[in-house]
**Student:** 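Structure in structure tokens, see below.
Here is the naming used below: chain letters follow the sequence lines, and residue numbers restart at 1 for every chain. Hydrogens, waters and symmetry mates play no part in the numbers below; they use all other heavy atoms, side chains included.
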Amino acid sequence: MRLLLIHADYIEFTALEPAMPNPERIESQGKKERVEECLVAFTTVEKSDEESPEEVAKNAASTILEHAASVKATRVVLYPYAHLSSSLSRPESAMEVLKKTEDALRGTVEAVRAPFGWYKSFEIKCKGHPLSELSRTITAAAREKAAEAAEEAAPRSEFLVLTPEGEEFRIDFASPETFLSLKVEPPLIQLIKNEAGMKEERGAPAHVKLMKKLELVDYEPASDIGHFRFYPKGTLIKDSLEELAYDIAVRDLRAFKIETPFLYRLDEPDIADQAEKFREKDYRLTVEKREFCLRFAGDFGLFRMMKGATMSYRQLPIRVYELSPSFRLEQSGECVGLKRLRNFTMPDLHCFCADLEQGRKEYAELFSKYTRLTQSMEIEYAVAFRVVKYFYEEHRDWFVSLLKMVGKPALIELLPEMKHYWVLKHEYQAIDSVGGNTQLVTVQLDIEDAARYGIEYTDESGKRRGCIILHSSLGSIERWMGAILEQAAKDQAKGKPPMLPVWLSPIQVRVIPVNSTFVGFAKDLAEKVAAEGFRADVDDREESVSKKIREAEVDWIPFVLVVGEREALSQPPSLSVRIRGEGVKSTDFPGLIASLRARVGDRPCLPSYLPIMLSMKPRFA
RNA sequence: GCCUUAGUGGCUCAGCCCGGCAGAGCGACGGUUUCGUAAACCGUUGGUCGGGGGUUCAAAUCCCCCCUAAGGCUCCA
């Protein structure tokens, strides 16, 4: 038997005239019947069902009921529909099976059966959620067999944990004891638990509130879901992260920086091909009768640019960097704070290599750079590799050498066969304050796309050959922001004062004059700090010192200086600085600058986006 | 997209169950205070109760539809 199940807002049908000599006798000819909020089962009884109608009916009913329960439908419409199979049973058998199925449904749900043997008109409104349309084949044999067959068709991945020492531990998601007892760091265990589907009810990740409270980022109701506004402080953090990505990609890795359009024509075959992979996840728009989509990654324009490039083996590997604002039409229920957005910024780095050997060398290079990047973000993370099994087995030692760089064990997923365009990828996953994980950095080793998109170089013998491509992202800028806020929330839960890394703090130094007499002195000091390249402001408001200190703490400002008569007159000059998490210390100006410099390290430090006098700053949130 | 929960001055929230004058704290504004390491004091201002429809003499409160957010499901090339 064939079933087509549709979860519908309603179905209306009218039996018009007999479709065969002996149709089912009915009284409702010509009368419209309407059923609301139901699961419609279009049903075709096949020749092979004639042998055991009881079994087929029973199995069909249980499949339908199972699905009705999962979509929470309490009404089922059994609709005879001959067009799902070419091997139809005799009408009498079909009637029998349908009636038996209907009987088996009764009691659990409200069952309606459309008349058999009539030409019918019908109108249906399908709900359109992922489970709303589904087809099933029912046989007399136990239904489990069909399920097993389906599983065999999509063989499962195997999982293991690999340590930097080269030890392997097989793990089985179905038996938690195989990984819960492993002596590895908590973030990795948490990642494995999440992948194994061991999810407890968790609250909202902390960054959703923090991003508003700290006046960084907020929802913009006048835009679409998942498009955010960035206040000056949030913009400063975003720009700083982008600057770091630029430093790594362009200054460090000497990548060529490019820019490509956001909008692409869908009548270009290669664009349509890439869009096709993403199906319903792209934004489409029609302009002057031409259909376009917004890019979901930088690949669209990059691949076209590289297709037109003439490359010699002597120039490879070639690295290309683009900071790509990207658009993905994620399901509305899936957008969460800074973790999953419809508009986000991806620092994409692609490397075009001559062969697999060079590809692996590049991979290791990126792996090393990105490991340092992740470590400098001061967050907890876990490492996961996804790799086609044969590739892992051939290059096992190489994987161990990668893990030595990061100094952590990793989760390895072994895919039985090439399922995607890559043979290998890895991810750095941050663990948030409620135990969820967020993918940050990723590098993918792609051995297929070059051929598909015609990205070629000329080898020593003058032959044109396809490149090996490394796709990598330094991690969406917004996700990094989220992960950094999550880390702060985790620190707070452990009793530490929450803070941002100093290089990302929108205001790094606040100077608080004890009264209005010292505002000028405070301003001079703040300007001196700014001249050294750090972000400082003065709380010149008419408030008590205690209150200003409290607000500086609530704003997570890492360095707070209170200045008054003591500082203004001290000889030699001295300062009293309140360092977040460390209490009040006595120092002098060079000492203050040295502390700042030590904390910022070699990371970018942009100028402040806020007025130097706090009284001049409006409140955004 | 589905299910659940939530939406009340700029912010955090009370009021909703059981319909009867829309409340508090913070902020902002005005004034007093000139202050030394986590909230000085007094006053003023500010609300289409997310939007629309319905029931009712009367709706923030009850009913229906929609929007937005969070959790779960599904999804995550």
**Student:** Per the atom types in the model, does the base of B:G36 pair as donor or acceptor with the side chain of A:Glu567 at under 3.5 Å?
**Tutor:** yes
**Student:** Within 45° of the six-membered ring axis of A:Phe230 and under 6.0 Å from that ring's centre, is NZ or CZ of A:Lys238 located there?
**Tutor:** yes
**Student:** Of all the choices, B:A39, B:C76, B:A77, which nucleotide is nearest to the side chain of A:Ala297 once you look at every atom?
**Tutor:** B:A77
**Student:** For A:Pro416, does its backbone N or O pair with a side-chain atom of A:Lys389 as donor and acceptor, under 3.5 Å?
**Tutor:** no
**Student:** Salt bridge (charged side-chain N to carboxylate O under 4.0 Å, His left out) with A:Glu215: which of A:Lys617, A:Arg229, A:Arg619?
**Tutor:** A:Lys617
**Student:** Could you tell me which nucleotide pairs with B:A28 by Watson-Crick or G-U wobble geometry, both distances under 3.5 Å, or answer none if nothing does?
**Tutor:** B:U44
**Student:** Measure the acute angle between the ring planes of A:Phe327 and A:Phe262, then classify it against the limits of 30° and 60° as parallel, tilted or perpendicular.
**Tutor:** tilted
**Student:** Over how many whole Å does the gap from A:Glu551 atom CD to B:A39 atom C1' extend?
**Tutor:** 8 Å
**Student:** Which of these nucleotides, B:G27, B:U37, B:C76, is closest to any side-chain atom of A:Arg619?
**Tutor:** B:G27
**Student:** Is there a donor N/O on one and an acceptor N/O on the other, under 3.5 Å, for the side chain of A:Arg202 and the base of B:G72?
**Tutor:** no
**Student:** Could you check whether A:Tyr321 and A:Asp348, counting side-chain N and O atoms only, form a donor-acceptor pair closer than 3.5 Å?
**Tutor:** no
**Student:** Between B:G36, B:C75, B:A40, which one does the side chain of A:Lys547 approach most closely?
**Tutor:** B:A40
**Student:** Produce a footprint string for nucleotides 3-12 of chain B: one letter per nucleotide, 5' end first; B if the base is under 4.0 Å from any protein heavy atom, S if only the sugar-phosphate is, - if neither.
**Tutor:** S---------
**Student:** Decide whether A:Glu220 and A:His227 meet the rule of one side-chain donor and one side-chain acceptor closer than 3.5 Å.
**Tutor:** no
**Student:** Applying a 3.5 Å limit to both distances, which nucleotide forms a Watson-Crick or G-U wobble pair with B:A70?
**Tutor:** B:U4
**Student:** Can you label the angle between the A:Tyr381 ring and the A:Tyr428 ring as parallel, tilted or perpendicular, going by 30° and 60°?
**Tutor:** tilted
**Student:** Are A:Thr235 and A:Tyr609 close enough that a side-chain donor and a side-chain acceptor fall under 3.5 Å?
**Tutor:** no
**Student:** Please give, in whole Å, the distance from B:C2 C1' to A:Leu5 CG?
**Tutor:** 16 Å
**Student:** Does A:Arg75 reach the side chain of A:Leu39, with side-chain heavy atoms less than 4.5 Å apart?
**Tutor:** no
**Student:** How far does the C1' atom of B:G46 sit from the matching atom of B:G23, given to the nearest Å?
**Tutor:** 13 Å
**Student:** Quote, to the nearest angstrom, the C1' distance that separates B:G27 from B:A77.
**Tutor:** 47 Å
**Student:** Would you say the side chains of A:Ser574 and A:Asp588 form a donor-acceptor pair under 3.5 Å?
**Tutor:** no
**Student:** Taking atom types as modelled and ignoring hydrogens, do the side chains of A:Asp224 and A:Tyr283 form a donor-acceptor contact shorter than 3.5 angstrom?
**Tutor:** yes
**Student:** A:Ser516 side chain: which of B:U34, B:U37, B:C76 is closest?
**Tutor:** B:U34
**Student:** Using both distances under 3.5 Å as the test, list the Watson-Crick or G-U wobble partner of B:C17, or none.
**Tutor:** none
**Student:** Is there a side-chain contact between A:Ser544 and the phosphate of B:A40, meaning an N or O under 4.0 Å from OP1 or OP2?
**Tutor:** yes
**Student:** Look at the aromatic rings of A:Phe367 and A:Phe385 and report parallel, tilted or perpendicular, splitting at 30° and 60°.
**Tutor:** parallel
**Student:** In whole Å, measure the gap between the P atoms of B:C16 and B:G50 for me.
**Tutor:** 15 Å
**Student:** Taking N and O atoms by type only, does the side chain of A:Arg328 place a donor or acceptor under 3.5 Å from a partner on the base of B:C76?
**Tutor:** no
**Student:** Could you identify the nucleotide paired to B:G36, looking across every strand shown and requiring Watson-Crick or G-U wobble geometry with both distances under 3.5 Å?
**Tutor:** none
**Student:** Starting at CZ of A:Phe521 and ending at P of B:G36, how long is that distance when rounded to a whole Å?
**Tutor:** 17 Å
**Student:** Using the C1' atom on both, measure B:C17 against B:A60 and round to a whole Å.
**Tutor:** 14 Å
**Student:** Watson-Crick or G-U wobble partner for B:C76, using a 3.5 Å limit on both distances?
**Tutor:** none
**Student:** Going by distance alone, is a donor N or O of one side chain under 3.5 Å from an acceptor N or O of the other, for A:Glu322 and A:Thr260?
**Tutor:** yes
**Student:** Between A:Val562 and A:Lys419, which has a closest nucleotide on RNA chain B that is more 5'?
**Tutor:** A:Val562
**Student:** With C1' as the reference atom in both, quote the distance from B:U34 to B:C41 in angstrom, rounded to an integer.
**Tutor:** 14 Å
**Student:** Nearest whole angstrom, please: distance from the C1' of B:G30 to the CD of A:Glu543.
**Tutor:** 14 Å
**Student:** Distance check, P atoms only: B:A70 and B:C13, in whole angstrom units.
**Tutor:** 15 Å
**Student:** Go through B:U33, B:G36, B:G27 for me and flag the one nearest to the A:Val545 side chain.
**Tutor:** B:G36
**Student:** Hey, does A:Glu542 reach any base, or is it just sugar-phosphate, or nothing, if we go heavy atoms under 4.0 Å?
**Tutor:** base
**Student:** According to the interplanar angle, ranging from 0 to 90°, do the rings of A:Phe300 and A:Phe296 count as parallel (below 30°), tilted (30 to 60°) or perpendicular (above 60°)?
**Tutor:** perpendicular
**Student:** Report yes or no: do A:Glu542 and A:Ser516 form a side-chain donor-acceptor pair below 3.5 Å?
**Tutor:** no
**Student:** Distance check, P atoms only: B:G53 and B:C49, in whole angstrom units.
**Tutor:** 12 Å
**Student:** Check every atom of B:A77, B:A38, B:C75 against the side chain of A:His420 and return the nucleotide holding the closest atom.
**Tutor:** B:A77
**Student:** On RNA chain B, nearest-nucleotide positions of A:Lys425 versus A:Gly333: which is more 5'?
**Tutor:** A:Gly333
**Student:** Atom NZ of A:Lys548 to atom P of B:U34: distance rounded to whole Å?
**Tutor:** 14 Å
**Student:** Roughly how far apart, to the nearest Å, are B:C62 and B:G25 at atom C1'?
**Tutor:** 30 Å
**Student:** Between A:Gln429 and A:Gln439, is there a donor-acceptor pair closer than 3.5 Å when you use the side chain of the first and the backbone of the second?
**Tutor:** yes
**Student:** Is A:Thr517 side chain donor-acceptor paired with the B:U34 base, going by distance under 3.5 Å alone?
**Tutor:** no
**Student:** B:A38, B:C76, B:G36: which one has an atom nearest the side-chain heavy atoms of A:Arg580?
**Tutor:** B:A38
**Student:** Can you tell me how far P of B:A38 sits from CD1 of A:Ile557, to the nearest Å?
**Tutor:** 15 Å
**Student:** Rounded to whole angstrom units, what separation is found between the CD atom of A:Glu215 and the C1' atom of B:G27?
**Tutor:** 12 Å
**Student:** With both distances kept under 3.5 Å, what pairs with B:C49, Watson-Crick or G-U wobble?
**Tutor:** none
**Student:** Counting side-chain heavy atoms from CB outward, which of B:U34, B:C76, B:U37 is closest to A:Asn515?
**Tutor:** B:U34
**Student:** Could I get a table of every N or O pair under 3.5 Å where one atom is in the protein and the other is in nucleotides 41-49 of chain B?
**Tutor:**
none

**Student:** Under a 3.5 Å cut-off for both contacts, is B:U55 paired Watson-Crick or G-U wobble with anything, and if yes, with which nucleotide?
**Tutor:** none
**Student:** In whole Å, I'd like the distance from the CE atom of A:Met346 to the C1' atom of B:A77.
**Tutor:** 12 Å
**Student:** Would you give a per-nucleotide map of nucleotides 64-70 of chain B, 5' to 3', where B means the base has a protein non-hydrogen atom under 4.0 Å away, S means only the sugar-phosphate does, and - means neither?
**Tutor:** ----SSS
**Student:** Mind checking A:Glu565 for me? I need base, sugar-phosphate or nothing, with any heavy atom below 4.0 Å counting as a touch.
**Tutor:** base
**Student:** Does the base of B:U37 carry an N or O that pairs as donor and acceptor with the side chain of A:Ser546 under 3.5 Å?
**Tutor:** no
